[in-house]
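Could you have a look at this structure, given as structure tokens, before my questions?
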Amino acid sequence: MLKILKKFENLSLANLFLYYQRLVRNTYFCALICSFQLSPMKLAVVGATGLVGSEILEVLQEHQFPYDKLLLVASERSKGKQISFNGHGYQVIGLAEAVAAKPHIAIFSAGGSTSLEWAPAFAAMGTVVIDNSSAWRMDPSKKLVVPEINAKTLSPEDKIIANPNCSTIQMVLALEPLRQRYGIKRIVVSTYQSVTGTGKAAVDQMMAERAGEVNPPKVYPHKIDLNVLPHIDVFQPNGYTKEEMKMILETKKIFGDDSIQVTSTTVRIPTMGGHSEAVNVEFKQDFDLAEVRSLLENAPGIIVQDDPANFIYPMPITSHKKDEVFVGRLRRDESQPNTLNMWIVADNLRKGAATNAVQIAEYLLENKLI
Ligand SMILES: NC(=O)c1ccc[n+]([C@@H]2O[C@H](COP(=O)([O-])OP(=O)(O)OC[C@H]3O[C@@H](n4cnc5c(N)ncnc54)[C@H](OP(=O)(O)O)[C@@H]3O)[C@@H](O)[C@H]2O)c1
């Protein structure tokens, strides 16, 4: 009980309301599933042995996502491996077996090439694929969804739905209430991204370096522990990295506004727990700082932590394992009009991947789109 109360003590009214909604929704889901006894809900998690996949399982459990059958899927290397989850033992299966089982929903986090090859096979069976990779994000025929912003665009025809890039999700979620009020002209973002964003092998590299191993595994081109790499994903002909271009292009697509100017520098740092971002945003209109704070405090999924006098600001260590996006260091950019500086932190494995994907699945069920 104490644990539950502790979880609620820092939440705004908007977020308390979210928890209440979740409780009501779960009751509704149970009733819905009972009324569909002839068609039990089958859910597949593709990439279940990875960092995002494991987090998806935790979020499914915490959100009490309703399913009758859970299929845990990974590469041929992991076939037959046992995973215990929620008091049950599951045997990891391969993709062909999972497709043949015709799940209602498949949440993918197994890399772009696996998605490109297998998501259409699931979709052809009637499965709705929610994909965490970058494979489908910029495909004009696929929706790129952050539920709080654009879930309303989803329809029963959407069989492959893209989850945006982790750094993009937390930035657009924090900007959305401000965009609605003031309009956005330009965004300048610099990121400080956790090694968990690269996957299990990258965490192994950092930990091996930290332990002083002679031949640590090498995922990054340089040492990552005690270092900073201004390089995430591959370099593009224009000098940006692919991660930087994802932030630029995906932001425009999610907001449905190509006129917004975005520039990005993405940086890998030797932390775990979450990605941090320094965001400088120029609005179309002037703003009131107190109103900015109030808009953010009342927006779903956002927690404002902004009390510099008491050293309170968002950090990866405090955002770890949290579903929300944390915002702080709110201050006017005194070098030009209508411009705000903000610091945004979120657990990349949660809202940046697993939480957002599970929220999409919840939205589909709640709105009978499956
Ligand atoms: N990490 C993040 O913060 C984050 C955020 C947003 C999106 N994403 C995206 O999510 C995906 C997974 O990331 P991750 O960090 O979880 O990586 P990871 O820890 O390396 O896990 C990769 C998962 O994919 C599976 N897999 C790899 N090749 C496969 C294949 N050919 N067929 C079936 N399964 C295969 C792996 O299975 P085995 O164990 O059998 O190899 C493992 O379960 C990537 O597309 C990534 O871009 C990651």
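Hydrogens, waters and symmetry mates are skipped; everything else that's a heavy atom, side chains included, is used. When a ligand or atom number is given, it counts from 1 through the structure's own listing order.
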**Residue portion contacting ligand 1 (non-hydrogen atoms closer than 4.0 Å) for Leu95** = side chain
**Message:** Can you confirm, on distance only, whether ligand 1 has an N/O atom lying under 3.5 Å from any N/O atom belonging to Ser75?
**Reply:** yes
**Request:** Determine whether the side chain, the backbone, both or neither of Thr114 has a heavy atom under 4.0 Å from any heavy atom of ligand 1.
**Result:** side chain
**Prompt:** Which protein heavy atom lies closest to atom 7 (C) of ligand 1, and at what distance to 0.1 Å?
**Reply:** Asn132 O, 3.3 Å
**Prompt:** How close does the nearest protein non-hydrogen atom get to atom 1 (N) of ligand 1, and which residue and atom is it?
**Reply:** Thr196 O, 2.9 Å
**Prompt:** With the threshold set at 4.0 Å, does a side-chain nitrogen-carboxylate oxygen contact exist between Lys218 and Glu209?
**Reply:** no
**Request:** Indicate, as side chain, backbone, both or neither, the part of Arg77 found under 4.0 angstrom from ligand 1 when only non-hydrogen atoms are considered.
**Result:** side chain
**Request:** Measure the distance from atom 16 (O) of ligand 1 to every protein heavy atom, then report the residue, atom name and distance (to 0.1 Å) of the closest one.
**Result:** Val52 N, 2.8 Å
**Message:** What I want to check is whether the side chains of Thr266 and Gln193 have a donor and an acceptor closer together than 3.5 Å.
**Reply:** no
**Prompt:** Asn348 to ligand 1: N or O pair under 3.5 Å?
**Reply:** yes
**Item:** Residue and atom name of the nearest protein heavy atom (relative to atom 15 (O) of ligand 1), distance in Å to one decimal
**Value:** Gly199 CA, 3.2 Å
**Pair Arg350 + Asp323, salt bridge at N-O below 4.0 Å** = yes
**Message:** Listing request: all salt bridge (Lys or Arg N to Asp or Glu O under 4.0 Å) pairs with a residue in residues 116-137, at least two apart in sequence or in separate chains.
**Reply:** Arg137-Glu250
**Message:** If the threshold is 4.0 Å, N to carboxylate O, is there a salt bridge linking Arg332 and Asp286?
**Reply:** yes
**Prompt:** Hey, is Ala201 one of the residues with a heavy atom under 4.0 angstrom from ligand 1?
**Reply:** no
**Message:** Test your reading of the structure: does Thr49 have an N or O sitting under 3.5 Å from an N or O of ligand 1?
**Reply:** yes
**Message:** Salt bridge or not between Lys142 and Asp139? Use side-chain N to carboxylate O under 4.0 Å.
**Reply:** yes
**Message:** Checking the N or O distance criterion of under 3.5 Å, is ligand 1 in contact with Gly352?
**Reply:** no
**Item:** Hydrophobic cluster membership, Ile344 vs Phe283, 4.5 Å side-chain cutoff
**Value:** yes
**Item:** Derivation of the ring-ring contact (aromatic ring centres under 6.0 Å, His included) call for Tyr192 and Trp343
**Value:** CA-CA 11 Å; Tyr192 304 73; Trp343 177 249; 5.3 Å; yes
**Prompt:** Any Lys/Arg nitrogen of Glu55 or Lys321 sitting under 4.0 Å from an Asp/Glu carboxylate oxygen of the other?
**Reply:** yes
**Request:** May I ask you to identify the nearest protein heavy atom to atom 20 (O) of ligand 1, giving residue, atom name and distance to one decimal place in Å?
**Result:** Lys200 N, 3.9 Å
**Message:** For the aromatic rings, using the six-membered ring if either is Trp, is the centroid distance between Phe326 and Tyr313 under 6.0 Å?
**Reply:** no
**Prompt:** Any N or O of Gly50 that comes nearer than 3.5 Å to an N or O of ligand 1?
**Reply:** yes
**Request:** Considering only NZ, NE, NH1 and NH2 on the basic side and carboxylate oxygens on the acidic side, decide whether Lys322 and Asp347 come within less than 4.0 Å.
**Result:** no
**Asked** If we only count N/O pairs under 3.5 Å, is Gly53 in contact with ligand 1?
**Response** no
**Request:** Starting from atom 23 (C) of ligand 1, locate the nearest protein heavy atom and write down its residue, its atom name and how far away it is, to 0.1 Å.
**Result:** Ser109 O, 3.6 Å
**Prompt:** Would one find an N or O of Val46, backbone or side chain, under 3.5 Å from an N or O of ligand 1?
**Reply:** no
**Complete:** If you scan protein heavy atoms around atom 24 (O) of ligand 1, the nearest is Ala110 CA, 3.2 Å
